[in-house]
There are 2 protein chains.
Amino acid sequence: MLNILWFSAPHPCFLGPGQPCDCLPPLRAAAEQLRQKDLRISQLQADLRRPPPAPAQPPEPEALPTIYVVTPTYARLVQKAELVRLSQTLSLVPRLHWLLVEDAEGPTPLVSGLLAASGLLFTHLAVLTPKAQRLREGEPGWVRPRGVEQRNRALDWLRSGGGAVGGEKDPPPPGTRGVVYFADDDNTYSRELFEEMRWTRGVSVWPVGLVGGLRFEGPRVQDGRVVGFHTAWEPNRPFPVDMAGFAVALPLLLAKPSARFDAAAPRGHLESSLLSHLVDPKDLEPRAANCTRVLVWHTRTEKPKMKQEEQLQRQGRGSDPAVEV
Amino acid sequence: MLNILWFSAPHPCFLGPGQPCDCLPPLRAAAEQLRQKDLRISQLQADLRRPPPAPAQPPEPEALPTIYVVTPTYARLVQKAELVRLSQTLSLVPRLHWLLVEDAEGPTPLVSGLLAASGLLFTHLAVLTPKAQRLREGEPGWVRPRGVEQRNRALDWLRSGGGAVGGEKDPPPPGTRGVVYFADDDNTYSRELFEEMRWTRGVSVWPVGLVGGLRFEGPRVQDGRVVGFHTAWEPNRPFPVDMAGFAVALPLLLAKPSARFDAAAPRGHLESSLLSHLVDPKDLEPRAANCTRVLVWHTRTEKPKMKQEEQLQRQGRGSDPAVEV
């Protein structure tokens, strides 16, 4: 700028012979300008040395509602295998918080270690199922629903916090956007399922594969509304849906503090015991292409036979107990 | 620089009264300096506007040997669930190529669709098990090993290509670094397992959980060498290891073109029928912390009961066959 002005004005030294020369001010101004430009160059060089900002996360996870996945679990031979498999599936889902609730008096080393190694955001909870509710030797699995106390423990934590034995201890702050899903540790989940449930406003629903003696069970949808249910068993239950077939918006769960699972509910009515507090069946939100896509399967893992293990143990040659399986 | 020189030298205007003032050259020099600095500032600003270079890929996947995962699969109710679960696990592993081999005359829409949606690098193969080798109605599963023809089909493709019905059609070019692993679709795999096998030089081995009636089966290791095997069943087999318990370097497999699985091998000898061509038991490479960590589990998924489905189908109310499960 100034360098243009200098040469368009008459040079101050030529005001007249004998008069004191007046070119000191423009030289001082030029020196000051050079100082300013050196400063600017230093600043720009510093800006260039600064590491580039982290690239924007493709779906901007902070903007996504959190998916709270509630998983009850209990000690058994296939427990670690099932939890490894599930944790790896969950690791594919952005903005997810795993609430793993052990059916135990306190945290076990197997589960604590697995959670720590999972890389997931998690809260570790534990509550022992009361003896009266526990399955007795020889009773078929359907007599008493499993995981009721554990799911309710997770609901308590979401509502008021407290009691976590590992991981994130504080419940979601008021106003948190999120959705709560009850994911048992033996089912099979497509990663796509989680994006179907993420923007649930009240209660969302979808089909579940290989459940209830059918290829799939699920809502029947007409004109975008749930008008009934495809199920073979007690179709007149208030909500004939499997635990894996629905998700609930977190604000709705927090607004209805009495909504919880009832361990005394009749067989097949456990889901209804929660959902009846939360939603009218006609307001269920159908997902997964109007409930025409199966994205979760009610798989069951066989109990491994340990006959050879018992034989070897009697001979003192059992599998090394120090090796975690 | 120059601005310091100016004020340490006597000002040129004060050479004497009446003499022509000589401050034009320093002012011109200052102007030129300012022009140079403006140019430098423009350059730096342009540098800052330039997008940052793409961040370096953390493990530089191109430098890693490829893991070729060979999975035989056959149509059944839980097939899609199992393959979804496995494909999601494999999607966590860099530099992996899935060879999925259907026990079918040709590719099925279910498997083709699943592979296309998986995001994995894959080759889709298909070969029907000859009738004489197929399990007969009522025969227990262990009478005839499953997947033999399919695994051999994958070996053929790795060696000479041809016959792929989907995905990558060309076999690895000569000199490709890689490792081959036979991963059935029902086992459970920790993502860590794949990094254990990636740098296999010949044949690597590790324990497998929940197999052979034991908590785990696996090599016994002393001073970093395999000295025996923990197994309850026929410990004197040449290689008493499960299909999920070893991986073979690709160059070794290519160097031994006669190495394949023998469908006529006695029960429990299928793995040995391949490995006997490839390695001496004493040269097995123990992985997974000297075979003290279980990173794969021989889980088995229950066959779902379809009693209600059959009842509803008789009433014309069966599950919509258009919905893929």
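- Residues of residues 289-298 of chain B that come within less than 4.5 angstrom of chain A, heavy atom to heavy atom, are Thr292(B), Val294(B), Trp297(B) in numerical order.
- When heavy atoms are compared at a cutoff of 4.5 Å, Leu77(B) approaches chain A by way of both its backbone and its side chain.
- Within 6.0 Å of atom CD in Gln315(A), more than 12 heavy atoms from other residues, nucleotides or ligands are found, so the atom counts as buried in its surroundings.
- With sequence neighbours excluded, no residue forms a salt bridge (charged side-chain N to carboxylate O under 4.0 Å, His left out) with Glu310(B).
- Side-chain atoms of Glu309(B) come within 3.5 Å of backbone N or O of Arg215(A) as a donor-acceptor pair.
- Chain B forms more heavy-atom pairs under 4.5 Å with one residue of Ala232(A), Gly212(A), Ser319(A) than with any other, namely Ser319(A).
- Although no hydrogens or angles enter the test, the distance criterion places a donor-acceptor pair under 3.5 Å between the side chain of Gln88(B) and the main chain of Arg191(A).
- In this structure, Val323(A) and Pro207(B) have side chains that are not in contact, with every pair of non-hydrogen atoms separated by 4.5 Å or more.
- Remark: Thr301(A) OG1 to Glu302(B) CD distance equals 7.5 Å, nearest 0.5 Å.
- For the set Gln308(B), Glu82(B), Arg85(B), the entry with the most heavy-atom pairs within less than 4.5 Å of chain A is Arg85(B).
- For Val78(B), the parts lying near chain A are the backbone and the side chain together; criterion is any non-hydrogen pair under 4.5 Å.
- Rounding to the nearest 0.5 Å places CG of Leu214(A) at 5.5 Å from CG of Leu312(B).
- In terms of heavy-atom pairs under 4.5 angstrom with chain A, the leader among Val84(B), Thr299(B), Leu210(B) is Leu210(B).
- The salt bridge (Lys or Arg N to Asp or Glu O under 4.0 Å) pairs that include a residue from residues 315-325 of chain B are Lys80(B)-Glu324(B), where partners are two or more places apart or lie in different chains.
- With a 4.5 Å cut-off on non-hydrogen atoms, Ser87(A) does not touch chain B at all.
- Contacts of Phe194(A) classified as ring pair (Phe, Tyr, Trp, His ring centres under 6.0 Å), with partners at least two apart in sequence or in another chain: none.
- For chain A, the option among Met306(B), Lys305(B), Glu217(B) with the highest count of heavy-atom pairs below 4.5 Å is Met306(B).
- Distance check: Thr188(A) OG1 to Leu83(B) CG gives 10.5 Å after rounding to the nearest 0.5 Å.
- Per-residue counts of heavy-atom pairs under 4.5 Å with chain B were compared for Gly209(A), Ala322(A), Gly213(A), Gly318(A); the largest is that of Gly213(A).
- Contact count versus chain A (heavy atoms, under 4.5 Å) is highest, among Lys303(B), His230(B), Gln311(B), for His230(B).
- Exactly one of Gln33(A), Lys37(A), Arg40(A) qualifies for a side chain to side chain contact (heavy atoms under 4.5 Å, CB included) with Lys37(B). That residue is Lys37(A).
- With respect to chain B, the highest number of heavy-atom pairs below 4.5 Å among Gly218(A), Ser190(A), Ala117(A), Pro321(A) belongs to Ser190(A).
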